[in-house]
Trainee: 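Encoded as structure tokens, here's the structure I'll be asking about.
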Amino acid sequence: MNLNDYLRPTKNKEISFDVFNEDNTISTETLISEGLSKIDFRKDLNNQQFDVVNEIKGPQLIIAGAGSGKTRTIVYCVAKLLSENVKPSEIMLVTFTNKAATEMIKRVEILIGIKPKGIWAGTFHSIANRFLRQYAESLGFKPNYIIIDEADANILMKITYNATEVQTDNNSFPTPKTARKILSYSINCNKTISETIKWKYSQYDDSKIISKLKEIYKVYKNKKAKDNLIDFDDMLVFWNRLLDERFMAQRIASTFNFILVDEYQDTNYLQDEIIRKLSKYTEKGNILVVGDDAQSIYGFRGANFQNIMEFSKRFENCRIYKLTQNYRSVPEILNLANDSIKHNKSQFRKEMVKTRKKGVKPVHIISENDEQQAIIIANKIIDLQKDGYNFSDIAVLYRAGFHSLRIELELQNQNIPYIVHSGVSFLERAHVKDLLAHLRIIQNPEDEISWSRIFSQFQGVGKKIASKMFDILSNTTDPLNSIISDSLFKRKLQNLKIAKGVQEEVLLFLKGFLTSVKVDKSKEVIMKLINQLTKHLKLQYSNWQDRVEDLKQIAIYSQNYDTIQNFLDALALNKSTIETKTVGLSNNGNQSPVTLSTIHRAKGLEWKVVFIPMLSENLFPSNKVKMNTSDYEEERRVFYVGITRAKEKLYLLSPQKIKNFKGVKDLNLSQFVKELNPKVYSRLSYQKDSSLFDEISSRNLSQEKIKKNQNKYLPLFTTADSLLKD
DNA sequence: GATAGGGTTGTTTTT
DNA sequence: CAACCCTATC
């Protein structure tokens with residue numbers, strides 16, 4: 001048997017999607033229609049919402065303010081379509097995260113009593129992936145491509161820099177990371193390299209630099225093609241390209257009758273273009289987009305909320321609806337939200353109609369420092385619990401991942417269970433990446449990034465040698481076979497400057513790896529790999545046992561997927577679902593936890609009580625944005641999104657000092673709080689509360705303790721460890 | 001010329 | 001913790 005044949009996945013099978021398999025049997029349809037007949041659209045929706053749902057036809061734009069029942073409306077739209085005998089597979093539902101897609105389908109399921117299988121639901125990227133796996137060959141690449149994330153794309157750009165011998169010594173030339181960022185903006189925003197540089201990186205506005213960059217981008221592109229890799233931007237580019245061919249566009253678009261897009265304010269030019277093309281060929285131009293310009297917070301990724309405003313101009317008969325009734329927050333919280341967002345100049349005014357009864361004013365608390373801030377939050381949480389709130393009714397929402405560190409510590413101190421959606425990602429830890437590198441090779445043996453990771457694990461092998469080893473491989477016909485059967489690889493290895501013993505080790509490892517690996521049995525493959533990797537981890541790290549545990553988590557998670565390809569796709573595309581750190585559940589009964597999250601990740605969610613900490617200058621707004629720029633207004637929208645997550649109680653906190661890795665830094669009150677009308681909140685000062693002071697000074701959170709607790713991941717999955725024995 | 005190891009510095013937001 | 005730079009060493 002030819003090794004290559006069984007290492008590479010067999011011809012692209014029917015693409016199976018992890019959550020929604022296409023399976024439209026008659027019995028399912030009957031069940032759906034039974035469920036649908038019980039829905040009372042009139043009663044369940046308000047007038048505005050009902051108007052939208054009642055006649056879903058042609059182009060529709062829905063401006064939906066925070067808490068206006070946006071998700072509810074979309075869910076009922078899907079139900080309504082199904083009730084009109086639209087097949088699930090004719091509906092495309094584009095959401096901002098795959099998690100959001102899963103949740104929406106779940107809500108449809110709850111509504112109609114059965115899971116509507118076959119809906120094309122997911123992010124732009126994950127839907128693109130479904131097409132690309134299918135049509136890869138017509139686009140000129142192989143269907144077993146690997147999706148690379150931003151970190152890998154940066155590594156690839158670095159490899160490109162080395163190949164083109166670019167020097168980046170004295171800040172006069174963009175770093176590989178910046179270069180990739182420029183390229184990404186240019187692709188997503190439909191701007192030339194030169195325009196992008198003038199727009200975002202004016203320090204590099206120089207014709208020599210630009211022409212050199214263009215040269216680099218060509219090499220980068222070729223390298224990706226050669227290694228059979230696809231980055232996030234490519235997914236959109238290629239999908240868009242598919243739609244440029246009339247025949248292909250019709251073929252794709254004609255399978256859809258209805259396209260619904262959520263969070264349209266966060267689409268970029270390219271995504272908008274894709275939607276435009278799709279809607280052109282969709283049978284009746286049925287396209288419904290929902291969004292809120294005030295909640296556009298992804299400008300750093302090329303998102304442009306103008307897309308939503310121009311949508312109605314582009315389609316002749318576009319109907320515009322406004323959902324203005326806020327069901328989420330008490331009037332006091334809405335007052336504060338409105339009072340904040342009005343400071344943004346480029347904003348389309350809309351008045352939210354308050355529907356909830358009078359509640360309590362938001363509270364602003366100035367604390368001595370970030371440590372005290374953490375204690376105040378933890379104490380308040382305990383008080384709230386005494387008042388009858390559950391921990392899971394409460395969220396702490398912040399601007400940046402590292403803002404949670406002290407708060408986490410204090411929650412641990414007070415034994416409050418919490419769950420974190422932010423921070424150093426599980427999948428980016430070195431050993432996890434090592435494991436995934438092996439899986440990627442199995443899927444696509446041409447991937448240099450992965451080979452390089454694997455080779456570099458051996459003593460004496462660094463970047464250069466690894467790159468040479470990859471050269472040997474890629475210049476050998478049938479490389480994998482030659483490793484095992486032929487001596488060619490071995491002979492060429494001898495020409496490299498590495499110790500004999502290491503050569504042997506490399507060969508032995510590769511043979512073991514390649515012969516033991518069989519495609520489509522991801523769990524067994526992974527367990528074998530873990531055994532191999534454990535040896536390396538033991539030598540390198542004192543905490544190797546923790547790391548092995550991480551790897552086992554990967555193994556458990558992989559069981560949800562039938563092929564390595566699907567597993568790797570899911571890891572690349574579903575990061576937000578996977579990266580969750582859970583702490584303190586075990587020592588506090590089975591209480592559901594408090595949520596700690598970045599505001600970005602909290603989008604679309606709500607809690608009864610919300611804390612927004614770190615409202616001090618240089619933290620929130622972040623020191624990365626300049627005053628009075630469009631970025632600054634985006635920063636304010638982030639604040640707005642945070643505020644509008646709260647249903648009943650909102651606490652804003654501003655520390656006056658923060659303990660850094662290097663000493664203590666003084667902080668000024670955040671402009672976002674300073675500019676608020678004092679009438680919209682009440683201020684609480686803890687500085688005079690001596691009892692709390694005593695409490696704080698008696699605490700001594702040593703550095704030791706911080707280290708011990710940080711980044712300790714408890715199992716993400718409940719599956720028993722016994723699953724993994726052998 | 002290349003790797004290993006020590007020391008330093010510092011953290012936006014995400015598909 | 002990790003990404004970075006610098007230097008000792010093979």
Side-chain angles (χ1 to χ4, degrees), chain A residues 94-101 122-129 147-151 153-155 158 168-169 175-177 181 184 188 230-236 263 266-268 270-271 296-303 397-405 421-425 427-431 433 456 458-468 496-499 502 540-541 543 546-547 569-577 579 597-603 614 618-625 631 634-635 637-639 641-642 658 660-662 665 706-707 710-712:
Chain A
V94 187
T95 54
F96 193 72
T97 62
N98 285 306
K99 197 174 165 191
T123 58
F124 277 96
H125 293 85
S126 71
I127 293 174
N129 187 44
I147 302 167
I148 57 171
D149 63 12
E150 215 173 299
N154 287 335
I155 292 171
K158 218 170 190 173
T168 53
D169 302 343
T175 60
K177 209 174 157 184
K181 196 81 203 156
S184 185
N188 284 293
I230 278 193
D231 63 25
F232 285 138
D233 297 337
D234 289 333
M235 307 188 80
L236 300 181
E263 309 278 14
D266 284 321
T267 54
N268 58 41
L270 192 48
Q271 291 166 331
S296 172
I297 54 174
Y298 283 86
F300 66 90
R301 221 173 74 184
L397 307 178
Y398 36 84
R399 177 65 182 85
F402 70 96
H403 291 172
S404 72
L405 294 180
H421 302 276
S422 67
V424 179
S425 77
L427 293 173
E428 265 150 37
R429 314 189 80 193
H431 50 288
K433 286 208 131 181
S456 303
F458 296 96
Q459 192 60 227
V461 180
K463 259 189 236 148
K464 294 279 172 177
I465 304 267
S467 156
K468 280 181 189 162
L496 299 178
K497 259 189 171 172
I498 42 173
V502 178
Q540 274 179 44
Y541 302 102
N543 67 345
D546 289 347
R547 289 172 189 254
D569 281 359
L571 290 184
L573 297 169
N574 289 310
K575 280 197 174 178
S576 61
T577 324
E579 289 163 10
S597 169
T598 59
I599 294 176
H600 283 82
R601 286 216 192 164
K603 199 166 84 159
M614 300 294 188
N618 294 325
L619 291 168
F620 195 176
S622 153
N623 57 359
K624 304 278 168 178
V625 296
D631 287 356
E634 175 155 318
E635 202 73 5
R637 289 195 293 273
V638 176
F639 183 45
V641 170
I658 186 164
N660 254 346
F661 37 87
K662 235 178 184 176
K665 222 174 100 188
I706 293 173
K707 273 194 184 146
Q710 265 177 35
N711 293 315
K712 186 158 183 202

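We use all heavy atoms of the structure for the numbers below, so side chains are in, but hydrogens, waters and symmetry mates are not. Letters A, B, ... mirror the listed sequences (proteins, then strands); counts begin at 1. It should be emphasised that the depicted structure is a prediction, and the values quoted were computed from it without experimental measurement.
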Trainee: Check the distance between B:dG10's C1' and A:F402's CZ and give it to me in whole angstrom.
Mentor: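 In whole Å, B:dG10 C1' and A:F402 CZ are 9 Å from each other.
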Trainee: Distance from A:I599 atom CD1 to A:I297 atom CD1, nearest 0.5 Å?
Mentor: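 One finds 7.5 Å between CD1 of A:I599 and CD1 of A:I297.
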Trainee: Could you please name the option among B:dT13, B:dT15, C:dC4 that lies closest to any side-chain atom of A:K158?
Mentor: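 That would be C:dC4.
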Trainee: Tell me: CE of A:M614 to C1' of B:dT13, nearest whole Å?
Mentor: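 Computing the A:M614:CE to B:dT13:C1' distance gives 16 Å.
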Trainee: Nearest whole angstrom, please: distance from the P of B:dT15 to the CG of A:D569.
Mentor: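 Spelled out: CG on A:D569 to P on B:dT15 is 15 Å.
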Trainee: What's the NE2-C1' distance between A:H403 and B:dT11, to the nearest Å?
Mentor: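 Nearest whole value for this atom pair: 9 Å.
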Trainee: In whole angstrom, what separates A:I155's CD1 from C:dA2's C1'?
Mentor: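 Distance check: A:I155 CD1 to C:dA2 C1' gives 13 Å.
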Trainee: Just the rounded figure in Å: distance from C1' of B:dT13 to CZ of A:F639.
Mentor: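 Rounded to the whole Å, the gap is 17 Å.
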Trainee: Using a cut-off of less than 4.0 Å, is there contact between a side-chain N or O of A:R601 and OP1 or OP2 of B:dT13?
Mentor: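 For B:dT13, neither OP1 nor OP2 has a side-chain N or O of A:R601 closer than 4.0 Å.
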Trainee: Which one, B:dT13, B:dT15, B:dA2, comes nearest to the side chain of A:I465?
Mentor: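 Nearest nucleotide to the side chain: B:dA2.
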Trainee: Centroid-to-centroid, A:F620 to A:H403, below 6.0 Å?
Mentor: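 No, the ring centres sit 6.0 Å or more apart.
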Trainee: Do we count A:F300 as stacking onto B:dT13 if the rule is ring centres under 5.5 Å and planes under 30°?
Mentor: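 Taking the rule of under 5.5 Å and under 30°, the ring of A:F300 does stack on B:dT13.
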Trainee: So what does A:V461 touch, heavy atoms closer than 4.0 Å: a base, only the sugar-phosphate, or nothing?
Mentor: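 Result for A:V461 = sugar-phosphate.
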Trainee: From C-beta outward on A:K624, which listed nucleotide comes closest to its side chain: B:dA2, B:dT15, B:dT11?
Mentor: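 Output: B:dT11.
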Trainee: Counting heavy atoms from C-beta on, name the nucleotide in B:dA2, B:dT14, B:dT15 closest to the side chain of A:F232.
Mentor: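 The answer is B:dT15, which lies nearest to the side chain.
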Trainee: Only one of A:T97, A:N98, A:T95 passes side chain to side chain donor-acceptor pair (under 3.5 Å) with A:S126; say which it is.
Mentor: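 That would be A:N98; it is the only one of A:T97, A:N98, A:T95 passing the side chain to side chain donor-acceptor pair (under 3.5 Å) with A:S126.
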Trainee: Quick one: does A:D233's side chain have a donor or acceptor within less than 3.5 Å of a partner on A:N188's backbone?
Mentor: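 No: the side chain of A:D233 does not pair with the backbone of A:N188.
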Trainee: Give the nucleotide from the list B:dA2, B:dT13, B:dT11 with an atom nearest to the side chain of A:T598.
Mentor: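 The answer is B:dT13.
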Trainee: Applying a 4.0 Å non-hydrogen cut-off, can you work out what A:Y298 is touching in the nucleic acid: base, sugar-phosphate, or nothing?
Mentor: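 Here A:Y298 touches the backbone only, sparing every base.
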Trainee: Round to a whole Å and report the spacing from CG of A:L619 to P of B:dT11.
Mentor: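 Checked: the CG to P distance equals 12 Å.
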Trainee: Can you measure A:K99 atom NZ to B:dT14 atom P for me and round it to whole angstrom units?
Mentor: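 After rounding, the reported distance stands at 12 Å.
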Trainee: Over all strands shown, is A:E150 touching base, sugar-phosphate only, or nothing at heavy-atom distances under 4.0 angstrom?
Mentor: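 It contacts base atoms.
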Trainee: By nearest heavy atom, map A:N623 and A:A466 onto DNA chain B; which one lands nearer the 5' end?
Mentor: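 Mapping each residue to its closest nucleotide by heavy atoms, the 5'-most match is A:A466.
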Trainee: Would you mind telling me which residue lines up with the more 5' stretch of DNA chain B, A:E635 or A:K468, judged by nearest nucleotide?
Mentor: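 Counting from the 5' end, the first nearest nucleotide belongs to A:K468.
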Trainee: Mind checking whether A:H600 and A:F300 have ring centres under 6.0 Å apart?
Mentor: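 Yes, ring centres under 6.0 Å apart.
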